[in-house]
Amino acid sequence: MDENRHTRFLYTRRAVLETATATAALCTGLPQVALGADTVDAETAPTPVTVELQVNGRRHVLKLDPRTTLLDALREHLALTGSKKGCDHGQCGACTVLLDGRRINSCLTLAVMHDGQQITTIEGLANGETLHPVQAAFLAHDGFQCGYCTAGQICSAVGMLNESRTGTPSYVTENLAVAQPELTNAEIRERMSGNICRCAAYPNIVAAIRQASGGPS
């Protein structure tokens, strides 16, 4: 019985040694791509490109990795941190900015795609000390709590009001023949549905947008 135990122990030990030797030999023969990912990444990184961004009325010339998102370019290279990185998947709206007056999720688009276009962030909405009407309405109606989503909410509201003024319908617009649909609470909620407020300040946000649109709040 003891001899059998000793034999099993030797066999197990031998198997372990053989496996270790084989693994070492295999690793020795592996290509560099498997053994040194960091080195390979450095060697294959794309060549930086020069991009000219027009942000809040100012011209910025940046040299960026072509994979840099517009959000990262604004936050990491221009120190415009009002636009927030919430989900990085275009699902929360915290990164919303205006591109030629149209609202976009800056986390879903590359900076190099917007060379020369007019970009407006939350930092560029006010006129000096005078707040944009949407900003003032958010303050008046306390349309925020923690404030993390507020910049995206405000930029999205500005873009949404522009869409409404040009007659763009929404999913809940009842009469498509109307040149400018009335911004009811239902319309505002639908049009702002891409912007999430985890503090659930939605009633105040809707009231603020109604005021900014000129309707009763």
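Note that the structure is a prediction, hence the values are computed from the model and not measured.
Side chain to side chain, R103 and S156 meet the donor-acceptor criterion of an N or O pair below 3.5 Å. Q135 and H132 are not linked by any side-chain donor-acceptor pair at a separation below 3.5 angstrom, with hydrogens and angles left out of the test. There is a side-chain donor-acceptor pair under 3.5 Å between T121 and E123. A donor atom on one side chain and an acceptor atom on the other are found under 3.5 Å apart for Q211 and H141. Using a 3.5 Å distance cut-off with no hydrogens or angles, the side chains of S170 and E187 do pair a donor with an acceptor.
T168 places a side-chain N or O within 3.5 Å of a backbone atom of E163 that can act as its donor or acceptor partner. A donor-acceptor contact shorter than 3.5 Å links the side chain of N195 to the backbone of G93. In this structure, the side chain of E52 does not engage the main chain of D115 through any donor-acceptor pair within 3.5 Å. With hydrogens and angles ignored, the 3.5 Å screen pairs a side-chain donor or acceptor of Y202 with a backbone N or O of C197. Judged by distance alone, the side chain of R210 and the main-chain N or O of L183 form a donor-acceptor pair under 3.5 Å.
Follow the hydrophobic side-chain contacts under 4.5 Å out from I104 and you reach V112 in the same cluster. A single hydrophobic cluster is not seen to contain both L108 and L98; linkage of ILVMFWY side chains at heavy-atom distances under 4.5 Å, directly or through other members, places them apart. In the hydrophobic clustering of ILVMFWY residues, with side-chain heavy atoms under 4.5 Å counting as a link, F144 and Y148 come out apart. Residues V49 and L62 share a single hydrophobic cluster, defined by chaining ILVMFWY side chains whose heavy atoms lie under 4.5 Å apart. One hydrophobic cluster holds both I205 and V158 under the rule that ILVMFWY side chains link at heavy-atom gaps under 4.5 Å.
By the 4.5 Å heavy-atom criterion applied to side chains, I209 and F138 are counted as neighbours. Using a 4.5 Å heavy-atom threshold, the side chains of L53 and R58 count as separate. Counting heavy atoms from C-beta on, the side chains of V61 and V51 never come closer than 4.5 Å. Contact of the Q54 side chain with the I119 side chain is not registered, since no non-hydrogen atoms from C-beta on lie closer than 4.5 Å.
Closest heavy-atom contact between S106 and V97: CB-CG2, 4.0 Å. Annotation for G86 and C92: closest pair CA-SG, 3.8 Å, computed over non-hydrogen atoms. Of all the heavy atoms in G101 and N162, the pair that sits closest is O-ND2, 3.5 Å. Shortest non-hydrogen contact noted between K63 and P48 is CG-CB, 3.5 Å. The heavy-atom pair separating K84 from R75 by the smallest distance is CD-NH1, 3.8 Å. The nearest pair of heavy atoms linking A151 to G82 is CB-O, 3.2 Å.
The local environment of CD in E174 is sparse, with at most 12 non-hydrogen atoms from other residues, nucleotides or ligands closer than 6.0 Å. Other residues, nucleotides and ligands contribute over 12 non-hydrogen atoms within 6.0 Å of the CG atom of N175.
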Verdict with supporting geometry, Q118 and L99, side-chain contact (heavy atoms from CB on, under 4.5 Å): CA-CA 6 Å; Q118 295 295 327; L99 181 70; over 6 Å; no
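Using a 4.0 Å cut-off between charged side-chain N and carboxylate O, R67 and D65 make a salt bridge.
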